[in-house]
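Here the structure is laid out as structure tokens; the discussion comes afterwards.
Numbers restart at 1 for each chain; the letters A, B, ... are given by sequence-line order, proteins then strands. Everything numeric here is computed off the predicted structure, so don't read it as measured data.
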Protein chains: 2
Amino acid sequence: MTLPPAKKRPTINDVARVAGVSRGTVSRVLTGGHWVSPDASAAVTAAIAETGYRVNPHARSLATSKANSVAFLLTESYERLFDDPNFATLLRGASTALAKSDIPLVLLMAGNEAEQRRATEFITGGHVDGVLLVSSHQGKQDFLPEISKAGVPAISCGIPLGFERKIGYVSADDFAGAQEMVRYLQSLGRSRIATIAGPQDTSGGLTRLRGYRDEMGDDVVESRIAYGDYGLASGERAMHELLERDPDIDAVFVGNDLMARGAITAIQSTGRRVPEDIAVGGFDDSPAALDGTPTITTMRQPFERISQEMVRLLLAAIDGEATAAMTIPTQLVRRESA
Amino acid sequence: MTLPPAKKRPTINDVARVAGVSRGTVSRVLTGGHWVSPDASAAVTAAIAETGYRVNPHARSLATSKANSVAFLLTESYERLFDDPNFATLLRGASTALAKSDIPLVLLMAGNEAEQRRATEFITGGHVDGVLLVSSHQGKQDFLPEISKAGVPAISCGIPLGFERKIGYVSADDFAGAQEMVRYLQSLGRSRIATIAGPQDTSGGLTRLRGYRDEMGDDVVESRIAYGDYGLASGERAMHELLERDPDIDAVFVGNDLMARGAITAIQSTGRRVPEDIAVGGFDDSPAALDGTPTITTMRQPFERISQEMVRLLLAAIDGEATAAMTIPTQLVRRESA
DNA sequence: CTGAAAGCGCTTACAG
DNA sequence: CTGAAAGCGCTTACAG
């Protein structure tokens with residue numbers, strides 16, 4: 001009445017028997033083939049093919065105490081994940097880069113506190129060798145101390161505020177990027193340049209605003225600074241605010257493209273033209289910069305590159321190298337809005 | 001010169017020693033606490049807290065030959081993943097449902113053939129206990145035979161064409177949904193109802209067209225059937241086609257909301273009004289149905305529910321229950337376009 | 001270059 | 001209810 005006994009998966013013992021060598025030798029060819037004679041190696045290879053042997057990942061992990069996997073920890077709501085194409089680009093880039101080393105990506109979504117606790121448990125529990133940290137809001141990073149304490153290698157996307165020394169990171173050069181955008185707007189002859197800054201608990205939001213202030217120098221007018229949450233609607237709202245406080249604004253540097261798109265809507269709704277009356281510069285070079293009229297002049301964040309470097313640094317950290325930090329330049333992309 | 005020896009993680013032996021019991025007893029409380037006296041149980045619990053013990057997942061997996069994780073295999077390009085909010089909803093739903101059982105989701109993206117091979121290796125290699133299959137294009141599912149043969153439990157989102165009997169699935173009722181939409185358009189007094197069907201190598205594309213044909217019965221006019229790829233642009237193109245072939249169309253049932261949005265653009269570009277001149281019915285109830293003017297009347301696919309049921313069925317299959325299939329009704333959502 | 005052996009940290013019949 | 005023991009499938013010094 002029972003099913004025929006499921007044929008057991010072949011183990012390293014079966015391979016050894018078929019190849020006529022010891023288990024140790026099989027293991028050696030499995031783990032790189034060093035210190036194995038060509039003959040033995042060939043016999044083992046043939047035996048593996050013949051038996052259809054596949055290494056048991058759990059046994060290997062137990063013996064080596066390496067998980068051979070890496071987590072992608074996203075501390076954002078799911079809405080944001082799929083709203084913000086930056087996350088998508090990072091996820092793809094990381095997954096692709098990891099695939100080259102044959103390392104699977106375990107996606108951990110931790111939008112709320114319960115999920116974060118679970119994710120921390122998982123990460124510090126030995127399931128993965130390292131973690132790619134992706135989240136903008138630093139306020140949400142209560143788990144950083146634990147991960148850092150547990151000694152699990154981690155690389156953050158963007159500066160992990162408060163943990164710059166303990167956790168490696170890869171960040172776009174927000175400061176220089178913001179400066180460059182302001183200079184560009186100035187080069188267009190604009191002088192009353194406002195800004196819509198992103199959330200001030202994010203390194204990007206903070207640093208881009210700092211870059212703006214730095215470049216504006218004595219021309220900074222506090223009433224020309226407004227804040228948003230990186231969402232479309234917040235950009236629209238902030239722009240209205242700015243225009244009420246100072247109708248003479250002739251340019252605005254917006255902390256990301258999505259808010260810039262919202263800002264353009266607000267500007268146009270007052271009968272002003274972009275870029276003739278008000279030039280708009282964004283940040284990211286996300287699809288939002290292209291979807292709509294006019295297209296948005298922006299500072300491109302090289303997310304493919306960033307994700308690759310994150311993987312490279314993480315793998316290095318897992319191999320025992322000291323954690324490193326890296327800043328990657330942004331690039332001005334001129335389009336219609338400025 | 002070397003770091004102080006990293007304190008080794010406590011093992012079950014340490015707990016046993018501290019608790020004054022045997023390893024077996026510790027394991028018993030770890031695995032459910034059956035057949036353990038209250039005293040022993042309390043001692044073990046205390047010892048676990050004292051030592052900070054955490055179970056080693058690899059050792060446990062080796063001993064039980066269960067991975068305690070599940071894969072989410074997405075055979076779509078990354079573009080589609082983040083274009084199509086349905087995937088996002090599924091991913092979130094599955095992740096959340098799985099979290100309740102404390103089972104992590106391993107995200108496997110396999111857009112091209114190389115990635116699919118890698119993913120198949122991974123899945124059949126024993127890394128996961130089961131897999132959630134998400135992809136629309138059945139043409140891309142060359143790995144289905146392998147997974148099925150390897151005996152790894154799998155549940156598909158949508159009918160796995162050609163594997164209906166071997167792989168469980170959860171699907172929205174595309175046939176009845178399409179019928180209902182056609183009936184609804186008819187109830188509006190429309191009689192020259194065209195359709196833009198999705199890809200015919202997807203169960204949704206196929207079945208919704210079948211539902212349309214069935215409900216239209218003798219009123220089917222082949223020139224009123226066009227095809228798209230579920231993308232915005234394809235809907236626009238297909239609608240232009242339809243209008244050229246038959247300018248008198250007074251309604252159109254579109255295979256998904258994204259194409260419906262494109263179709264509306266096409267209709268409006270010819271000077272016709274939606275819904276006055278042509279009523280448009282979509283499918284999915286995705287954000288595309290809301291983003292734009294007019295909002296789209298559509299058949300809602302309950303993706304949260306679908307993902308939950310997928311997880312439930314998969315967990316059951318992992319527990320040895322026979323694979324099951326499940327069809328979930330869609331729901332008409334009336335908005336402005338029809 | 002190769003084999004024998006110990007060890008990775010757990011679980012699970014088996015006796016008792 | 002509990003302990004001793006075998007076993008899960010690999011890797012890795014250690015001798016040779």
In whole angstrom, give the distance that lies between atom [atom1] of [X] and atom [atom2] of [N].
X     : N      : atom1 : atom2 : answer
A:H58 : C:dT11 : NE2   : C1'   : 14 Å
A:N13 : C:dA5  : CG    : P     : 14 Å
B:N56 : D:dC10 : CG    : P     : 17 Å
B:W35 : C:dG16 : CH2   : P     : 17 Å
B:R23 : C:dT11 : CZ    : C1'   : 10 Å
B:N68 : D:dC8  : CG    : P     : 19 Å
B:R54 : C:dC10 : CZ    : P     : 12 Å
A:H34 : C:dT2  : NE2   : C1'   : 16 Å

Side-chain N or O of [X] closer than 4.0 Å to phosphate OP1/OP2 of [N]:
X     : N      : result
A:S22 : C:dG3  : yes
B:T25 : D:dG3  : yes
B:S27 : C:dT11 : yes
A:S37 : C:dT2  : yes

Is there a donor-acceptor pair under 3.5 Å between the side chain of B:S156 and the backbone N or O of B:G158?
yes
Is a side-chain donor or acceptor of A:H58 paired with a backbone partner of B:G126 at a separation under 3.5 angstrom?
yes
Have a look at [X] and say if it touches a base, only the backbone sugar-phosphate, or nothing, with a 4.0 Å heavy-atom cut-off.
X     : answer
A:S65 : nothing
B:S61 : nothing
B:V26 : nothing

Name the closest nucleotide to the A:L30 side chain, picking from C:dT11, D:dT11, C:dG9.
D:dT11
Base partner of C:dC14, which must satisfy Watson-Crick or wobble distances under 3.5 Å
D:dG3
Indicate yes or no: at least one non-hydrogen side-chain atom of B:I318 is less than 4.5 angstrom from one of B:K66.
yes
Lys/Arg N to Asp/Glu carboxylate O, B:R305 vs B:E309, below 4.0 Å
yes
Charged N to carboxylate O under 4.0 angstrom, B:R92 versus B:E304?
no
For DNA chain D, whose closest nucleotide is more 5', that of A:A63 or that of B:V21?
B:V21
C:dG16 and C:dT12: how far apart are their C1' atoms, nearest whole angstrom?
16 Å
By nearest nucleotide on DNA chain C, pick out whichever of A:S41 and B:G24 is the more 5' one.
A:S41
Would the base of C:dG3 count as contacting A:R28 through its side chain, where contact means a donor and an acceptor less than 3.5 Å apart?
yes
side-chain contact (heavy atoms from CB on, under 4.5 Å), that's the test. Do B:H34 and B:R28 meet it? Break it down for me.
CA-CA 7 Å; B:H34 301 303; B:R28 269 172 228 118; over 6 Å; no
